[in-house]
Every structure is written in structure tokens, then in C-alpha cells.
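Report on the following structure.
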Amino acid sequence: MEPTEGGAGAGGAGRGPGAVARRWVCRCSDPPILLATVEGDRVNLKVRDRYYHIEGVQGRVRATCPRCGQEHVLTLGGDQAPG
Ligand SMILES: [Zn+2]
């Protein structure tokens with residue numbers, strides 16, 4: 001049993017430089033409702049028992065919170081509108 005991925009496996013979080021996963025959540029409850037996780041231009045979705053990894057995302061991703069029904073918009077890529 002040798003850890004073969006990464007190299008410096010201290011903690012296990014982080015796949016490399018520049019790829020920092022951040023959580024996209026709705027804060028209508030505690031703990032917040034997780035909508036997706038985002039790593040650069042990659043969006044990771046979990047729907048029930050399956051995962052979707054969408055790469056090269058440019059533009060807007062919209063998600064509706066399953067609890068409060070609020071729609072959230074996430075803008076990816078270089079064309080980000082200021083506010
Ligand atoms: Zn919500």
C-alpha cells in the first residue's frame with residue numbers, strides 16, 4: 001500500500017498548484033446546501049449517486065437550491081461581469 005498519487009501526500013487535499021477547489025453553496029441553512037464544487041474551469045456536480053465533472057467551462061452556470069428554491073448564478077472564465 002503505497003501512496004502513488006501526488007507525491008507529497010500530506011492531508012490529501014489539493015491536486016496540484018493552481019487547482020484549488022472551492023465550494024459553491026447556498027447559505028439558506030446550516031450547514032449550507034452544496035450546489036457544486038469548482039476547480040478553475042472545472043465544475044464538479046454530485047447528483048444522488050453519480051458525479052459529473054464538467055471541464056473547460058466558460059460562461060454561466062445556474063443552479064437552483066433544492067431547499068429554498070433560490071437560483072444561483074456562477075460565472076466562470078475571463079468574461080466576468082463586475083457585479
Ligand atoms: Zn437555499
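- Put simply, Y52 and V43 are part of the same group of oily side chains (I, L, V, M, F, W, Y) that touch within less than 4.5 Å, one to the next.
- Residues L35 and P66 approach most closely at CD2-CD, 4.3 Å, considering heavy atoms.
- Among pairs with a residue in residues 21-33, none fulfils side chain to side chain donor-acceptor pair (under 3.5 Å), at least two apart in sequence or across chains.
- By the criterion of side-chain heavy atoms lying less than 4.5 angstrom apart, applied directly or through intervening Ile, Leu, Val, Met, Phe, Trp or Tyr residues, V47 is grouped together with L74 in one hydrophobic cluster.
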**Request:** Decide yes or no on side-chain contact (heavy atoms from CB on, under 4.5 Å) for N44 and T37, but give the supporting numbers first.
**Result:** CA-CA 5 Å; N44 305 310; T37 59; 3.2 Å; yes

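- T64 pairs by the side-chain hydrogen bond (donor to acceptor under 3.5 Å, both in side chains) definition with nothing, not counting sequence neighbours.
- Counting side-chain heavy-atom gaps under 4.5 Å among Ile, Leu, Val, Met, Phe, Trp and Tyr, the cluster of L34 also holds V25.
- With sequence neighbours left out, the salt bridge (charged side-chain N to carboxylate O under 4.0 Å, His left out) criterion links R62 to E71.
- With sequence neighbours left out, the side-chain contact (heavy atoms from CB on, under 4.5 Å) criterion links P31 to no other residue.
- Residue C28 holds its SG atom at 7.5 Å from CD of Q70, rounded to the nearest 0.5 Å.
- Annotation: salt bridge (charged side-chain N to carboxylate O under 4.0 Å, His left out) contacts involving residues 47-58, sequence neighbours excluded, comprise R42-E55.
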